[in-house]
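All ligand and atom numbering here is 1-based and tracks the order in the structure. Quick note: numbers below take in every heavy atom, side chains included, and nothing from hydrogens, waters or symmetry partners. Just so we're clear, the structure is a prediction, and the values are computed from it rather than from any experiment.
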Amino acid sequence: MNKKLILSFALSGLVLTTTAQTSVVPAIPRDEKIEQKVEALLKKMTLEEKIGQMTELTIDVITKRDNPSKEFQIDEALLDTVIGKYKVGSILNVPQGVAQSKEKWEEIIKKIQDKSMKVMGIPCIYGVDQIHGTTYTLGGTFFPQGINMAATFNRELVREGSRISAYETKAGSIPWTYAPVLDLARDARWPRHWENYGEDCFVNAEMGRESVLGFQGGDPNNIGKQHVAACIKHYMGYGVPVSGKDRTPSSITVQDMREKHFAPFLEGIKAGALSVMVNSAMNNGLPFHANYELLTQWLKEDLNWDGLIVTDWADINNLYTRDKIASSKKEAIKIAINAGIDMSMVPYEWSFCTYLKELVDEGEVPMSRIDDAVRRVLRMKYRLGLFDTPAYNHKDFPLFGGKEHAAAALRAAEESLVLLKNTDGILPLVPGKKLLITGPNANSMRTLNGGWSYSWQGDKADECAADYNTILKSFTNKFGASNIIYEPGVSYKQDGAWWEENTPEIDKAVAAAANADYIIACIGENSYCETPGNLTNLFLSKNQLDLVKALATTGKPIVLVLNEGRPRIINEIEPLAKAVVNAMLPGNYGADALANLLPGDANFSGKMPYTYPRDINSLFTYDYKPCEDLEKMQGAYDYDAVMSVQWAFGYGLSYTTYAYSNLRVDKPEFAANDVLTFTVDVKNTGNRIGKESVLLFSSDLIASLTPDVRRLRAFEKVELRPGETKTVTLKVKASDLAFVGYDGKWILEKGDFRIQTGNQTLNVTCTDTKKWNTPNK
Ligand code: BGC
């Protein structure tokens, strides 16, 4: 291996803090039988065959072009080139850019597998982005997007959602999903804010673990018929581009990288995640796809993890064409493979195969690196059981898209909506009243789902999800057609760009309000995904702001329903609303959930998974530094620092109220190896049943690096009947209170920590400083 090259890349990125830890217990226990099979097969393979296993192409490459029938068909000649000649080991993506039936998926995958087994005796691995339920299989169950799942603060719902999605994905014979998404949504401008579990690393780690277990089941060596391989992505630090635009540079410190961005990936890998997809962008100038330290050292060596690292879309080539760290396609391949990439999502052509072979022949990529990559690919295929069962019969999955799955998705949607304001108890709605349903999001399946829904941009949802309910339809079902007036006032241009709106008809909506008792204003964004979702202005669109302002002149009470992928600034209209519900992207059952919640047939229990900004230059997260929010100092130099937050992380109302009391800890003084057990009594003091997410925060009062003001350390969700009290137990490992110091090493420092949950606080004291010399505690 060209060590010099590798080292220079490592050093230009982050400070080298790790050393190879070959003695580390494998992150996934090795199954000797699988290992023997992998070795036996590897021995028989030619270099071309090995490189084929490292290649992933999009289904478009084998799509029949001259096809009078509208239905997708594989081109046999192209299949022969791709699998027969280049021995390609993986295909991805959805044919014709739109969801297919499970029967069609089975047919496609069977055909690919037949060819693959005939030519090589090695199955192909097909990958698809089923990121919020079975999003690319028609009739599959859609769950809310990741950001909503985070708002539930309910681990069980996340695990169940991924389990159901795995089952339904497998009904179409697809064995691999590019999920869960574990980026941190720490910049409100970023167009992928909604795909992951919010701004906090602990929530992403907890939900990420649950999702991996849901997708894969409990035994990563034996994924079995009803599960799929997870692919945790995008490794890592994707959610903090300096510009706020997708796939642009970040500038993450070594402390934040290790402590926050790595945390969910570490937890996902501990849960057995079989694969990782790499962040398309770059940090401090070094593209993640070229970062030996992060790919090989942190993941493969430090964790002794034997899973597969796949690139994101075209990202090896991007090292040359976009990022300019390579002078040719071939050099880009050399850099990425030597950095630790195992599979290239090329995705449109096969020159990767030719160039990589040349590089091996020229000694620029060592054979040991190729063998390591191929072992990882084959191991995953064995773990998935693909050699024995390359495809399944969809009839063996009778629960696909059924009632039980729908009920789980509805429950997730209900627990994910966040009640942000409820002045004068305007909600629940009084029965029998007339409702004006207005706004561009009122009658759209597309806006409820967002991107990665039937198609990449989510723009086919109204067609494909016609059997599900928009807000208008759900409310009509719930309250009766005679109680519903519909006048959108503002509408999106269906054939235009996602942000385009038609000429508004605000007067019509205002006139319609005259006959209504309540105004339900459904506002926000149309669907988008990835870079096309980039934004130049975070304020809600002017038409929508004008609509709400005009409606407010009627004096009728307004309920704002925010249906959006990121927090659009609404400070001008928030005071005009009596109630605000943050629906985010709740999926196909989101409108039914809202129709249950607004009249009080269900209770709100969601809490904010991110900080909602009030002003444009106030894009903060809850774990900020003390100097970012200061009271005025005394004296001449009397500046303050104001964080302008509309709604805080963890905030969310309910139709009932809760009282916290009696916060206790078993060890007021502790050392690094201790586990602290906190208990707090939570009482439902209102008159409705409800669920409360109990969040426990710590504040390191003094530390050698300026501490974050607060960090979430534990959460539990409990259901309480009116008057009922439960004692909630929250465990925190003392080592979780450590931070990454200036030298890049974990340290837990002697001193006091303030612990807070609800209105309760107490202090605990660490009696001994401990520093870790290993990269992970
Ligand atoms: C996205 C990934 C996705 C991949 C395959 C990329 O453009 O960034 O999240 O998994 O495409 O569809």
Side-chain angles (χ1 to χ4, degrees), residues 55-61 63 90-100 105 125-137 145-147 162 165 169 174-185 190-197 204 208 211 215 228-239 241 245-248 250 264-265 268 273-282 287-289 308-319 321-323 341-348 450-459 527-534 565 585:
T55 311
E56 182 174 55
L57 300 183
T58 167
I59 185 93
D60 306 75
V61 175
T63 299
S90 181
I91 310 270
L92 86 150
N93 223 346
V94 55
Q96 301 176 323
V98 67
Q100 303 289 318
W105 272 121
I125 181 161
Y126 203 106
V128 165
D129 294 273
Q130 308 272 43
I131 82 151
H132 67 114
T134 323
T135 46
Y136 272 153
T137 312
Q145 295 279 5
I147 200 77
S162 296
S165 161
T169 299
I174 301 164
W176 193 19
T177 181
Y178 304 124
V181 187
L182 304 182
D183 309 316
L184 309 182
W190 189 44
R192 306 193 75 170
H193 195 264
W194 43 274
E195 290 183 45
N196 53 70
Y197 299 114
N204 273 274
S211 178
F215 278 129
V228 296
C231 185
I232 51 180
K233 68 182 189 184
H234 306 78
Y235 183 74
M236 63 185 158
Y238 192 26
K245 313 256 188 213
D246 188 36
R247 288 171 156 83
T248 60
S250 57
F265 289 92
L274 293 183
S275 64
V276 165
M277 187 188 293
V278 182
N279 172 357
S280 181
M282 69 203 64
F288 285 86
H289 285 79
L308 165 86
I309 302 184
V310 62
T311 71
D312 201 344
W313 191 264
D315 275 329
I316 294 190
N317 215 16
N318 279 337
L319 299 179
T321 54
R322 187 191 66 186
D323 301 335
I341 295 292
D342 302 312
M343 183 185 277
S344 171
M345 190 188 285
V346 183
Y348 284 113
W452 297 123
S453 305
Y454 304 104
S455 68
W456 179 43
Q457 294 294 315
D459 52 339
S527 76
Y528 53 79
C529 201
E530 296 188 38
T531 311
N534 280 345
L585 301 176

In ligand 1, which numbered atoms sit nearer than 4.0 Å to a non-hydrogen atom of Leu92?
5 (C)
For ligand 1, which atoms, with element, lie under 4.0 Å from some heavy atom of Lys233?
2 (C), 3 (C), 9 (O), 10 (O)
First locate atom OG of Ser344, then atom CD1 of Ile309, and finally report the distance between them rounded to the nearest 0.5 Å.
13.0 Å
Is Asp129 close to ligand 1, meaning an N/O of one under 3.5 Å from an N/O of the other?
yes
Say whether Arg192 and ligand 1 are in contact under the criterion: heavy-atom distance to a ligand atom below 4.0 Å.
yes
Can you give the donor-acceptor pairs under 3.5 Å from side chains of residues 91-100 to other protein atoms, not counting sequence neighbours?
residue, atom, partner, partner atom, Å
Gln96, NE2, Lys70, O, 2.9
Gln100, NE2, Pro95, O, 3.2
Gln100, NE2, Val98, O, 3.0

What residue and atom, counting heavy atoms only, is the protein's closest point to atom 8 (O) of ligand 1, and at what distance?
Asp312 OD2, 2.6 Å
Does a side chain donor of either Ser280 or His234 reach within less than 3.5 Å of an acceptor in the other side chain?
no
Do you know which of Asn196, Asp246, Asp183, Asn279 makes side chain to side chain donor-acceptor pair (under 3.5 Å) with Tyr238?
Asp246
Give yes or no for whether the N/O distance cutoff of 3.5 Å, strictly under, is met between His234 and ligand 1.
yes
Measuring from atom CH2 of Trp194 to atom CD of Gln145, what distance do you get when rounded to the nearest 0.5 angstrom?
4.5 Å
Is the shortest distance from a heavy atom of Asn93 to ligand 1 less than 4.0 Å?
no
Aromatic contact between Trp313 and Tyr348, with the criterion being ring centroids under 6.0 Å apart: yes or no?
yes
Do Tyr126 and Ile59 have side-chain heavy atoms sitting under 4.5 Å apart?
yes
Residue portion contacting ligand 1 (non-hydrogen atoms closer than 4.0 Å) for Arg247:
side chain
In the protein, which heavy atom is nearest to atom 1 (C) of ligand 1, and how far is it?
Glu530 OE2, 3.1 Å
Mark up the atoms of ligand 1 that fall under 4.0 Å of a heavy atom belonging to Met277, in ascending order.
2 (C), 10 (O)
